There are 2 protein chains.
Amino acid sequence: MLNPDPFQAQCPTRVILDRIADKWTVLLLTAVAERPTRFNALRRRVEGVSQKVLSQTLKSLERDGLVTRHAYPTVPVTVEYAITPLGASLERTLAPLAHWASEHIDQIAKAQAQFDGRKAA
Amino acid sequence: MLNPDPFQAQCPTRVILDRIADKWTVLLLTAVAERPTRFNALRRRVEGVSQKVLSQTLKSLERDGLVTRHAYPTVPVTVEYAITPLGASLERTLAPLAHWASEHIDQIAKAQAQFDGRKAA
DNA sequence: CGGCATCCTCCCCGATACTG
DNA sequence: CAGTATCGGGGAGGATGCCG
């Protein structure tokens with residue numbers, strides 16, 4: 001069993017955090033959770049993600065069992081990514097963060113302005 | 001008002017995610033939320049964080065109004081970091097992630113092993 | 001359409017040394 | 001004790017080109 005202390009390197013919290021705390025993972029998990037989506041549709045949906053990073057991120061999401069990848073033998077090939085039950089449960093625990101963000105973004109901006117103002121003064 | 005679509009670059013979700021989705025921010029927020037803590041105590045509590053990155057991360061947490069920094073004029077100086085109400089509310093929305101992590105870490109490990117097994121085969 | 005390979009750049013982060 | 005300054009490596013991630 002892993003060390004449960006959330007501040008030790010090998011505890012579950014740290015391991016999960018190291019996996020999802022990057023620029024795109026949470027965003028893509030959320031996007032795929034909405035509905036099954038094809039590669040390029042995902043690329044258009046999530047503004048700013050490059051093809052390479054999208055591919056990489058989806059692959060590690062697949063590896064972790066959070067999304068599935070299904071290739072249909074059409075011409076040209078169609079690839080659809082979908083959420084798994086495991087991924088959906090993670091997405092549900094992350095969803096409140098989006099709500100928190102919209103409700104508190106103004107407070108953050110205000111705090112930053114105050115902090116920067118004190119520095120300049 | 002900011003764009004509420006969570007997949008556009010300037011929406012609150014993206015802004016917040018860009019701020020907290022790094023290696024140490026969530027961890028330090030959680031640690032400080034437990035109790036007010038001094039710099040070196042924090043450093044010992046959170047295994048593996050370097051002095052420089054701890055200092056940087058605390059400063060940006062302070063800038064965002066998520067933690068406070070209070071210096072006591074002792075000799076040598078004592079500096080204590082504490083959570084703010086804003087920081088506490090963020091920490092509460094992040095806390096379920098730690099629970100999710102301990103409950104599902106085994107499933108993730110299993111999915112990874114299966115994925116890697118298929119690749120090798 | 002959905003990738004992989006390659007190259008390259010930036011900046012995150014660690015190590016070390018020094019300061020009030 | 002609580003930082004700042006400096007240096008440097010490595011990896012994340014962007015741009016481009018090619019392929020099934």
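Throughout, protein chains are lettered first and strands after them, A, B, ... in sequence-line order, and every chain is numbered starting at 1. The structure displayed is predicted, hence computed values, not measured ones.
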Please list, for nucleotides 1-6 of chain C, all pairs of protein and nucleotide N/O atoms separated by less than 3.5 Å.
{"unit_1": "C:dG2", "atom_1": "OP2", "unit_2": "A:Asn40", "atom_2": "N", "d": "2.9"}
{"unit_1": "C:dG2", "atom_1": "OP2", "unit_2": "A:Asn40", "atom_2": "ND2", "d": "3.1"}
{"unit_1": "C:dG3", "atom_1": "OP1", "unit_2": "A:Arg69", "atom_2": "NE", "d": "3.2"}
{"unit_1": "C:dG3", "atom_1": "OP1", "unit_2": "A:Arg69", "atom_2": "NH2", "d": "2.5"}
{"unit_1": "C:dG3", "atom_1": "OP2", "unit_2": "A:Tyr81", "atom_2": "OH", "d": "2.7"}
{"unit_1": "C:dG3", "atom_1": "N7", "unit_2": "A:Gln51", "atom_2": "OE1", "d": "3.3"}
{"unit_1": "C:dG3", "atom_1": "N7", "unit_2": "A:Gln51", "atom_2": "NE2", "d": "2.4"}
{"unit_1": "C:dC4", "atom_1": "OP1", "unit_2": "A:Lys59", "atom_2": "NZ", "d": "3.0"}
{"unit_1": "C:dC4", "atom_1": "OP2", "unit_2": "A:Ser55", "atom_2": "OG", "d": "2.6"}
{"unit_1": "C:dC4", "atom_1": "N4", "unit_2": "A:Gln51", "atom_2": "OE1", "d": "3.3"}

Would you indicate whether the side-chain heavy atoms of A:Leu17 and B:Leu27 approach each other to under 4.5 Å?
yes

Do any pairs count as a side-chain hydrogen bond (donor to acceptor under 3.5 Å, both in side chains) and have a residue in residues 52-65 of chain A, sequence neighbours left out, and if so which ones?
A:Arg19-A:Ser60, A:Arg19-A:Asp64, A:Arg63-B:Asp116, A:Asp64-B:Gln112

Would you mind reading off the distance between B:Asp18 atom CG and C:dC11 atom P, rounded to a whole angstrom?
14 Å

Which atom pairs, one a donor and one an acceptor, fall under 3.5 Å between side chains of residues 36-44 of chain A and the rest of the protein, sequence neighbours left out?
{"unit_1": "A:Thr37", "atom_1": "OG1", "unit_2": "A:Arg35", "atom_2": "O", "d": "2.7"}

With sequence neighbours excluded, what pairs up with B:Thr78 under the side-chain hydrogen bond (donor to acceptor under 3.5 Å, both in side chains) test?
B:Thr74

Assign each of B:Thr57 and B:Arg43 to its nearest nucleotide of DNA chain C by heavy atoms, then name whichever residue's nucleotide is nearer the 5' end.
B:Thr57

Apply side chain to side chain contact (heavy atoms under 4.5 Å, CB included) to B:Ala113 and list each qualifying residue two or more places apart in sequence or on a separate chain.
none

Among residues 22-30 of chain B, which ones have heavy-atom contacts with DNA chain C below 4.0 Å?
B:Lys23, B:Trp24

Residue pair A:Lys110, B:Leu86: steps toward the side chain to side chain contact (heavy atoms under 4.5 Å, CB included) verdict:
CA-CA 12 Å; A:Lys110 187 176 171 186; B:Leu86 185 61; over 6 Å; no

Footprint ends on DNA chain D, 5' to 3', for atoms under 4.0 angstrom from a heavy atom of chain A, come out as D:dG13 to D:dG20

Would you say B:Glu91's side chain and B:Thr30's backbone share a donor-acceptor pair under 3.5 angstrom?
no

So, do B:Val79 and B:Arg69 sit near enough that their side-chain heavy atoms are less than 4.5 Å apart?
yes

Excluding sequence neighbours, so at least two apart, what forms side-chain hydrogen bond (donor to acceptor under 3.5 Å, both in side chains) with B:Thr84?
none

Less than 4.5 Å apart, side chain to side chain, heavy atoms only: is that true for B:Trp24 and B:Leu54?
no

With sequence neighbours excluded, what pairs up with B:Glu34 under the side-chain hydrogen bond (donor to acceptor under 3.5 Å, both in side chains) test?
B:Arg45

In DNA chain D, stems of three or more consecutive pairs, Watson-Crick or G-U, each with both distances under 3.5 Å, turn out to be C:1-20 with D:1-20

Side-chain donor-acceptor distances from residues 95-104 of chain B under 3.5 Å, at least two apart:
{"unit_1": "B:His99", "atom_1": "ND1", "unit_2": "B:Ala95", "atom_2": "O", "d": "3.4"}
{"unit_1": "B:Trp100", "atom_1": "NE1", "unit_2": "A:Ser89", "atom_2": "OG", "d": "2.7"}
{"unit_1": "B:Trp100", "atom_1": "NE1", "unit_2": "B:His104", "atom_2": "NE2", "d": "3.4"}
{"unit_1": "B:Ser102", "atom_1": "OG", "unit_2": "B:Ala98", "atom_2": "O", "d": "2.8"}
{"unit_1": "B:Ser102", "atom_1": "OG", "unit_2": "B:His99", "atom_2": "O", "d": "3.4"}
{"unit_1": "B:His104", "atom_1": "ND1", "unit_2": "B:Gln107", "atom_2": "OE1", "d": "3.2"}

Kindly write out the residues that satisfy side chain to side chain contact (heavy atoms under 4.5 Å, CB included) with B:Ala111, not counting sequence neighbours, or none if the list is empty.
none

